[in-house]
Amino acid sequence: MASPAGDRDRRILELVRAQGGRVTPAKRAVVEVLARSDDHLTADDLITKVTAASPATAASTIYRVLQQLEDIGAVEHVHPGRRPAFYHLREVGHAHLVCQDCGAITDVPDILLDGLRHQALDRYGFTVDTHHAAVLGRCAACAAATH
(Lines give C-alpha, C1' and ligand atoms only; values in the text may rest on other atoms or scores of the structure.)
Protein backbone atom coordinates (compact mmCIF):
# COMPACT_ATOMS: atom_id res chain seq x y z
CA MET A 1 0.00 0.00 0.00
CA ALA A 2 1.36 3.42 -0.98
CA SER A 3 1.88 6.09 1.67
CA PRO A 4 -0.11 9.36 1.51
CA ALA A 5 3.14 11.23 0.77
CA GLY A 6 3.95 8.75 -2.01
CA ASP A 7 0.48 9.23 -3.48
CA ARG A 8 0.97 13.01 -3.40
CA ASP A 9 4.37 12.61 -5.11
CA ARG A 10 2.81 10.53 -7.84
CA ARG A 11 -0.12 12.93 -8.41
CA ILE A 12 2.13 15.98 -8.58
CA LEU A 13 4.59 14.32 -10.95
CA GLU A 14 1.68 13.17 -13.15
CA LEU A 15 0.49 16.78 -13.25
CA VAL A 16 3.98 17.88 -14.33
CA ARG A 17 3.90 15.37 -17.20
CA ALA A 18 0.30 16.27 -18.13
CA GLN A 19 1.35 19.93 -18.41
CA GLY A 20 4.14 18.94 -20.81
CA GLY A 21 6.93 19.17 -18.24
CA ARG A 22 9.81 16.81 -17.60
CA VAL A 23 10.25 15.03 -14.31
CA THR A 24 13.87 15.80 -13.52
CA PRO A 25 15.76 14.51 -10.47
CA ALA A 26 15.62 18.03 -8.96
CA LYS A 27 11.86 18.27 -9.52
CA ARG A 28 11.34 14.86 -7.99
CA ALA A 29 13.49 15.79 -4.98
CA VAL A 30 11.60 19.05 -4.33
CA VAL A 31 8.22 17.32 -4.62
CA GLU A 32 9.36 14.54 -2.27
CA VAL A 33 10.50 17.02 0.38
CA LEU A 34 7.24 18.99 0.17
CA ALA A 35 5.07 15.85 0.19
CA ARG A 36 6.81 14.40 3.24
CA SER A 37 6.85 17.54 5.36
CA ASP A 38 4.14 19.05 7.51
CA ASP A 39 6.39 22.06 8.17
CA HIS A 40 6.07 25.47 6.56
CA LEU A 41 9.23 25.33 4.45
CA THR A 42 10.96 28.43 3.14
CA ALA A 43 13.06 28.30 -0.02
CA ASP A 44 16.16 28.11 2.20
CA ASP A 45 14.65 25.16 4.11
CA LEU A 46 13.95 23.39 0.84
CA ILE A 47 17.46 24.06 -0.45
CA THR A 48 18.93 22.60 2.76
CA LYS A 49 16.75 19.48 2.64
CA VAL A 50 17.10 18.85 -1.11
CA THR A 51 20.86 19.39 -1.20
CA ALA A 52 21.30 17.11 1.84
CA ALA A 53 19.78 14.30 -0.21
CA SER A 54 21.16 15.42 -3.57
CA PRO A 55 24.30 17.57 -3.11
CA ALA A 56 24.72 18.20 -6.83
CA THR A 57 21.44 20.14 -7.01
CA ALA A 58 22.10 23.90 -7.19
CA ALA A 59 20.01 26.39 -5.23
CA SER A 60 19.13 28.18 -8.47
CA THR A 61 17.70 24.92 -9.82
CA ILE A 62 15.51 24.54 -6.74
CA TYR A 63 14.19 28.10 -7.18
CA ARG A 64 13.38 27.33 -10.84
CA VAL A 65 11.64 24.09 -9.87
CA LEU A 66 9.53 25.92 -7.28
CA GLN A 67 8.50 28.48 -9.90
CA GLN A 68 7.65 25.76 -12.44
CA LEU A 69 5.59 23.85 -9.88
CA GLU A 70 3.81 27.03 -8.90
CA ASP A 71 3.11 27.89 -12.54
CA ILE A 72 1.25 24.60 -13.03
CA GLY A 73 -0.68 24.96 -9.77
CA ALA A 74 1.09 22.17 -7.89
CA VAL A 75 2.74 24.39 -5.28
CA GLU A 76 1.82 27.67 -3.68
CA HIS A 77 3.77 30.10 -1.59
CA VAL A 78 2.46 32.13 1.32
CA HIS A 79 3.66 35.52 2.52
CA PRO A 80 3.70 35.49 6.34
CA GLY A 81 4.31 39.18 7.01
CA ARG A 82 7.91 40.08 7.79
CA ARG A 83 9.19 36.52 7.52
CA PRO A 84 10.30 34.71 4.33
CA ALA A 85 7.62 33.15 2.15
CA PHE A 86 6.98 29.47 2.69
CA TYR A 87 5.84 26.74 0.32
CA HIS A 88 3.51 23.76 0.36
CA LEU A 89 1.73 21.51 -2.08
CA ARG A 90 -1.45 23.14 -3.30
CA GLU A 91 -3.55 20.01 -2.90
CA VAL A 92 -3.08 20.36 0.83
CA GLY A 93 -4.44 23.91 0.65
CA HIS A 94 -5.53 25.79 3.73
CA ALA A 95 -5.21 29.27 5.16
CA HIS A 96 -2.62 30.38 7.69
CA LEU A 97 -2.68 32.45 10.87
CA VAL A 98 0.76 33.86 11.76
CA CYS A 99 1.66 35.32 15.14
CA GLN A 100 3.61 38.53 14.65
CA ASP A 101 5.27 38.13 18.06
CA CYS A 102 6.54 34.54 18.21
CA GLY A 103 6.14 33.50 14.56
CA ALA A 104 3.85 30.54 15.28
CA ILE A 105 1.94 29.42 12.19
CA THR A 106 -1.48 27.84 12.57
CA ASP A 107 -3.10 26.02 9.66
CA VAL A 108 -6.83 26.68 9.47
CA PRO A 109 -9.50 25.35 7.14
CA ASP A 110 -10.39 27.62 4.22
CA ILE A 111 -13.96 27.86 5.49
CA LEU A 112 -12.73 30.03 8.39
CA LEU A 113 -12.18 32.89 5.93
CA ASP A 114 -15.31 32.34 3.82
CA GLY A 115 -17.06 35.29 5.48
CA LEU A 116 -14.21 37.61 4.51
CA ARG A 117 -14.18 36.33 0.94
CA HIS A 118 -17.95 36.71 0.54
CA GLN A 119 -18.09 40.18 2.11
CA ALA A 120 -15.16 41.47 0.04
CA LEU A 121 -16.81 40.19 -3.13
CA ASP A 122 -20.34 41.38 -2.27
CA ARG A 123 -19.38 44.82 -0.97
CA TYR A 124 -16.36 45.68 -3.10
CA GLY A 125 -16.32 43.29 -6.05
CA PHE A 126 -12.95 42.12 -4.74
CA THR A 127 -11.84 38.49 -4.92
CA VAL A 128 -9.66 37.57 -1.94
CA ASP A 129 -6.93 34.95 -2.35
CA THR A 130 -6.76 33.53 1.17
CA HIS A 131 -3.80 31.30 0.33
CA HIS A 132 -1.30 33.85 -0.96
CA ALA A 133 -0.94 35.83 2.25
CA ALA A 134 -1.29 34.79 5.86
CA VAL A 135 -3.61 36.45 8.33
CA LEU A 136 -1.36 38.25 10.79
CA GLY A 137 -2.09 38.79 14.45
CA ARG A 138 -1.20 37.46 17.88
CA CYS A 139 -1.54 33.85 19.04
CA ALA A 140 -3.33 33.03 22.30
CA ALA A 141 -0.09 32.55 24.25
CA CYS A 142 1.40 35.87 23.14
CA ALA A 143 -1.90 37.71 23.66
CA ALA A 144 -2.12 36.31 27.20
CA ALA A 145 1.49 37.31 27.92
CA THR A 146 0.76 40.96 27.10
CA HIS A 147 -2.11 41.24 29.60
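Count residues from 1 along the sequence.
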Is there a path from [X] to [Y] through hydrophobic residues (I, L, V, M, F, W, Y) whose side chains come within less than 4.5 Å of each other?
X: Leu15; Y: Val33; value: yes
X: Val50; Y: Val23; value: yes
X: Leu66; Y: Leu13; value: yes
X: Val30; Y: Tyr63; value: yes

Answer whether the closest heavy-atom distance between the side chains of [X] and [Y] falls below 4.5 Å.
X: Pro25; Y: Ser54; result: no
X: His96; Y: Phe86; result: yes
X: Val78; Y: Tyr87; result: no
X: Lys27; Y: Leu69; result: yes
X: Thr127; Y: Arg117; result: no
X: Leu121; Y: Phe126; result: no
X: Val75; Y: Arg90; result: no
X: Val65; Y: Leu46; result: no

With a sphere of 6.0 Å drawn around CG of Asp38, does it hold more than 12 non-hydrogen atoms of other residues, nucleotides or ligands?
no
Does this structure show an ion pair linking Glu32 with Arg36, if we count only N-O contacts that are shorter than 4.0 Å?
no
Could you report the tightest heavy-atom contact between [X] and [Y], atom names first, then the distance?
X: Cys139; Y: Cys99; value: N-SG, 3.4 Å
X: Ile47; Y: Ile62; value: CA-CD1, 3.7 Å
X: Ala35; Y: Leu89; value: CA-CD1, 3.7 Å
X: Ala26; Y: Thr57; value: CB-CG2, 4.0 Å

Between [atom1] on residue [X] and [atom2] on residue [Y], distance to nearest 0.5 Å:
X: Leu136; Y: Gln100; atom1: CG; atom2: CD; answer: 4.5 Å
X: Gln119; Y: Asp114; atom1: CD; atom2: CG; answer: 11.5 Å
X: Ile12; Y: Arg28; atom1: CD1; atom2: CZ; answer: 13.0 Å

Quick check against the 3.5 Å criterion: does Asp39 have a side-chain atom that pairs as donor or acceptor with the backbone of Leu41?
no
Just by modelled atom types, is the Ala143 backbone N or O under 3.5 Å from a matching donor or acceptor in the Arg138 side chain? no
Would you kindly say whether Thr42 and Asp45 are connected by a side-chain donor-acceptor distance under 3.5 Å? yes
Worksheet item: If you measure only the distance, is there a donor-acceptor pair under 3.5 Å linking the side chains of Asp107 and His40?
Response: yes
Using 30° and 60° as the class boundaries, would you call the ring planes of His88 and His94 parallel, tilted or perpendicular? parallel
- Task: Specify whether His77 and His132 have parallel, tilted or perpendicular ring planes, treating 30° as the upper limit for parallel and 60° as the lower limit for perpendicular.
- Result: perpendicular
| request: For the pair Leu34 and Val31, evaluate side chain to side chain contact (heavy atoms under 4.5 Å, CB included) and give the outcome as yes or no after the intermediate values. | output: CA-CA 5 Å; Leu34 287 168; Val31 169; 5.8 Å; no
* Verify side chain to side chain contact (heavy atoms under 4.5 Å, CB included) between Val135 and Val98, making sure each step is shown before the conclusion. => CA-CA 6 Å; Val135 177; Val98 175; over 6 Å; no
